[in-house]
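First comes the structure, then the notes that go with it.
The first residue in the sequence is number 1, and the count goes up from there.
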Amino acid sequence: MNTAAYLRRIGLPELAGAPAGAENLRVLHAAHIEKVPYEALEIWLGRATTVDPVESAERVIRGRGGYCYHLNGAFSELIRALGYDVTRHVGGVQTRGREPGITANHLVLTVRGLPSEDNPGGEWLADLGLGDGLHEPLPLVEGTYRQGPFRYGLRPSEVAPGGWRFDHDPSGSFLGMDFDPAPADMSAFAEMHRHLTTSPESGFVRTATIQRRDAYGVDVLRGLVLSRVGGGARSVTLDDQRDYYAALADVFLLPLADVSARERDELWRKLCAAHEAWLAGDTS
């Protein structure tokens with residue numbers, strides 16, 4: 001992995017060789033969240049991906065994003081190269097209507113050895129793969145935390161002995177997330193990755209969703225509906241192909257330089273068909 005190129009991608013070339021510390025972790029996390037979108041458009045483009053962190057990092061460097069396996073996998077490679085003590089964990093995101101569990105539908109990171117005034121123990125939850133979740137890392141200490149318009153909670157997990165539970169804000173897109181305390185190999189996510197990228201039951205397959213978090217809220221593009229949660233809340237339907245790709249570039253910093261004109265036309269056709277099907281179901 002080209003660490004210098006990765007740091008340039010997130011606008012922090014000056015952190016090459018900088019000491020590993022709590023403040024620099026915060027800066028890296030926030031910059032990554034703001035510059036690298038949560039997206040699974042490769043599914044809609046018919047492009048296979050893996051959970052290999054180096055492959056994910058290379059895709060991020062080329063200007064794309066990903067979802068939790070890609071974003072947290074890539075970020076773990078970056079910060080490990082910068083000298084941080086980072087561990088991967090198997091997690092489970094709990095959506096509405098589901099029970100909590102360690103389902104491997106989420107990859108979680110913890111970082112150790114970074115004491116600070118508000119976190120003397122020095123262990124942190126780092127998670128760039130929750131879409132409308134964290135903007136900055138959280139101290140791995142039980143409590144309630146506010147970041148922008150969202151209030152989060154951390155507490156011991158009731159389904160993973162020795163693990164942790166992240167409770168999302170009531171306005172968030174999911175209820176919460178639990179993770180196991182044991183270190184995990186990326187092979188633990190391979191089967192769920194296959195399901196999430198190919199199954200008709202997968203939310204990624206049903207809806208092309210892109211999110212980009214900033215300090216004040218999150219921009220969300222679900223199908224053709226662009227909305228803002230937090231400061232400047234709004235919602236609009238992008239019914240023109242040029243507007244859709246302009247929003248990708250301008251709002252989500254996703255110019256899709258690696259996508260041909262033919263692929264863009266085909267993607268737009270699929271998005272419009274899915275939108276019409278959603279409207280038909282919504283009004284029936």
Side-chain angles (χ1 to χ4, degrees), residues 33 36-51 56 59 64-73 90-108 127-134 150 159 166-179 188-213 217-229 235 237-238 244 247-248 251-252 254 256 266-284:
I33 282 286
V36 183
Y38 178 97
E39 55 111 347
L41 283 179
E42 298 293 65
I43 296 170
W44 286 70
L45 289 165
R47 299 176 175 179
T49 61
T50 74
V51 297
S56 298
R59 190 163 52 252
R64 295 295 303 276
Y67 68 111
C68 66
Y69 306 142
H70 308 128
L71 298 175
N72 283 335
V90 176
V93 168
Q94 180 192 7
T95 55
R96 288 176 173 79
R98 300 294 182 100
E99 293 297 317
I102 306 301
T103 60
N105 71 357
H106 191 63
L107 163 64
V108 185
D127 203 320
L128 304 101
L130 289 171
D132 60 354
L134 299 185
F150 301 120
V159 296
F166 168 83
D167 290 309
H168 202 347
D169 188 273
S171 68
S173 62
F174 59 94
L175 291 176
M177 180 273 294
D178 293 84
F179 68 93
F189 306 100
E191 180 57 28
M192 183 57 78
H193 175 65
R194 184 201 62 77
H195 170 81
L196 291 174
T197 56
T198 62
S199 172
E201 298 178 357
S202 166
F204 294 126
V205 173
R206 294 197 307 268
T207 307
T209 300
I210 303 146
Q211 301 182 57
R212 190 174 72 86
R213 181 79 158 86
V218 60
D219 293 299
V220 182
L221 183 55
R222 289 180 55 83
L224 301 183
V225 180
L226 174 64
S227 59
R228 170 77 180 178
V229 179
S235 181
T237 298
L238 304 175
Y244 178 84
L248 288 187
V251 178
F252 299 95
L254 195 60
L256 297 185
E266 178 61 15
L267 173 58
W268 178 250
R269 185 193 66 76
K270 291 180 180 179
L271 292 168
C272 289
H275 186 72
E276 290 302 318
W278 173 73
L279 289 176
D282 191 50
T283 58
S284 61

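Leu254 has its side chain out of reach of Arg212: every pair of non-hydrogen atoms, C-beta onward, lies at least 4.5 Å apart. Looking at heavy atoms from C-beta onward, Leu248 lies in side-chain contact with Leu221 at the 4.5 angstrom threshold. Under the 4.5 Å side-chain criterion, counting only non-hydrogen atoms from C-beta, His106 is in contact with Asn72.
Listed for the Arg213 side chain is no donor-acceptor partner under 3.5 Å among the backbone atoms of Leu134. Remark: side-chain polar atoms of Asp178 are not paired, donor with acceptor, to backbone N or O of Gly101 under 3.5 angstrom. Arg96 contributes no side-chain N or O that, together with a main-chain N or O of Leu175, makes up a donor-acceptor pair within less than 3.5 Å. For Trp44 (side chain) and Phe204 (main-chain N/O), a donor-acceptor pair under 3.5 Å exists by modelled atom type.
For the pair Val205 and Leu196, the tightest heavy-atom approach, listed with the atom from each and the gap, is CG2-O, 3.7 Å. Contact detail for Pro37 and Phe252: the closest heavy-atom pair is CG-O, 3.6 Å. Here the closest heavy-atom approach between residue Asn105 and residue Val93 is recorded as OD1-N, 2.7 Å. Taking every heavy atom of both residues into account, Asp127 and Gly129 meet most closely at OD1-N, 3.0 Å. Nearest heavy atom pair, residue Arg222 against residue Thr209, reads NH1-OG1, 3.4 Å. Minimum heavy-atom separation, Gly131 to Tyr38: N-CD1, 3.6 Å.
Here the CG atom belonging to Leu267 is positioned 5.0 Å from the CG atom belonging to Leu45, to the nearest 0.5 angstrom. The OH atom of Tyr244 lies 12.0 Å from the NE2 atom of His275; values are rounded to the nearest 0.5 Å. A distance of 12.0 Å separates OG of Ser56 from CZ of Arg64, quoted to the nearest 0.5 Å. The CG atom of Asp167 lies 8.5 Å from the CD atom of Gln94; values are rounded to the nearest 0.5 Å. Rounding to the nearest 0.5 Å places CD of Glu276 at 10.5 Å from CH2 of Trp278. One finds the CZ atom of Arg59 at 5.5 Å from the OG1 atom of Thr49 (value rounded to the nearest 0.5 Å).
A parallel orientation is assigned to the rings of Tyr67 and His193, their planes being inclined by less than 30° (bins at 30° and 60°).
The side-chain hydrogen bond (donor to acceptor under 3.5 Å, both in side chains) test applied to Ser173 returns Asp132, not counting sequence neighbours. Checked against side-chain hydrogen bond (donor to acceptor under 3.5 Å, both in side chains), Glu99 has no partners two or more places apart in sequence or in another chain. Shown here are the side-chain hydrogen bond (donor to acceptor under 3.5 Å, both in side chains) partners of Thr197, two or more places apart in sequence or in another chain: there are none.
Annotation for Arg98: atom CZ does not count as buried by contact number, only 12 or fewer foreign heavy atoms lying within 6.0 Å.
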